[in-house]
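Report on the structure given below.
Computed from a prediction, not measured in an experiment: that's the story for all the values here.
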Amino acid sequence: MKENYPKAYTEVLEIMKYMPKQDVNKIPKEMIEMFENKMDKSYVFNVKETDDFADLKILDETEAIFVNIFRDYWATPEQKKKIIEKQSYDKSIIEKEKMEKYNPNTIFKQPEILKPNMDIVENKKETSLVEVKESLFIKFINFIKNIFKRY
């Protein structure tokens, strides 16, 4: 995506050649200079004066740049407000989708199908890696206890 921005700057500058000067003059000179400094000089993008802007095949990044330019420099206050509301709404939808997909409260929970059978886990005796042998005395004591448990 980042590699497309130099090409997008080239496309923006080429399209701006055919725009009214009064509109281009509303864009800060620093921004236009930045486009010129960062543009891909080897990328060729041709626009004819007769081409319809809606039919041009431009990069998504070029379109995004023009949306921002329009919002910041050409739009009326009402248009600007509507654009900002739409962008905020779109961002909230994207964030909501991310939250549903990557919800930190549920992301590590296993579905019911994948959960191990808890009865089996509870019934298992704990085993240790080291074998502990009972002494003869302990064995005798346990034997005596078992005898008393029976009666």
Nearest 0.5 Å please: distance from the [atom1] atom of [X] over to the [atom2] atom of [Y].
X   : Y   : atom1 : atom2 : value
S92 : Q87 : OG    : CD    : 12.0 Å
M99 : I94 : CE    : CD1   : 16.0 Å
I84 : K82 : CD1   : NZ    : 13.5 Å
E33 : K29 : CD    : NZ    : 8.5 Å

Flag side-chain contact, heavy atom, 4.5 Å: [X] against [Y]:
X   : Y   : value
N68 : R71 : yes
M31 : I69 : yes
M16 : D23 : no
Q79 : F70 : yes

Flag yes if [X] and [Y] sit in one hydrophobic cluster, no otherwise; membership is Ile, Leu, Val, Met, Phe, Trp, Tyr, and two members link when side-chain heavy atoms are under 4.5 Å apart.
X   : Y   : value
V67 : L13 : no
M34 : I15 : yes
F35 : Y73 : yes

Closest non-hydrogen atom pair, F45 against K57:
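Heavy atoms only, the tightest pair is CE1-O, 3.8 Å.
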
For E61 and A8, work out which heavy atoms get closest and say how close.
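For E61 and A8, the tightest heavy-atom pair comes out as CB-CB, 3.7 Å.
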
Do other residues, nucleotides or ligands put more than 12 heavy atoms under 6.0 Å from the CD atom of E78?
no

Got more than 12 heavy atoms from elsewhere within 6.0 Å of NZ, K21?
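12 or below, so no.
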
Carboxylate-amine/guanidinium contact E95 K98, below 4.0 Å:
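The answer is yes: the pair qualifies as a salt bridge.
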
Could you check whether E14 pairs with K17 (Lys NZ or Arg NE/NH1/NH2 to Asp/Glu carboxylate O, under 4.0 Å)?
yes

Under 3.5 Å side-chain donor-acceptor pair for Y9 and E36
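No.
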
Member of I58, N4, I65, L56 meeting the side chain to side chain contact (heavy atoms under 4.5 Å, CB included) criterion with E11
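Only one of I58, N4, I65, L56 forms a side chain to side chain contact (heavy atoms under 4.5 Å, CB included) with E11, namely I58.
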
Apply side-chain contact (heavy atoms from CB on, under 4.5 Å) to the pair V12 and M39, showing each step before the final yes or no.
CA-CA 9 Å; V12 167; M39 69 184 254; over 6 Å; no

Is there a donor-acceptor pair under 3.5 Å between the side chain of T10 and the backbone N or O of D40?
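Pair found, side chain donor or acceptor close to backbone of D40.
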
Using atom types as modelled and distance alone, determine if a side-chain donor or acceptor of Y18 lies under 3.5 Å from a backbone N or O of V47.
yes

Begin with the C-alpha distance, continue with both residues' side-chain angles, and end with the deciding distance and a verdict on side-chain contact (heavy atoms from CB on, under 4.5 Å) for K26 and W74.
CA-CA 7 Å; K26 292 179 182 179; W74 298 334; 3.8 Å; yes

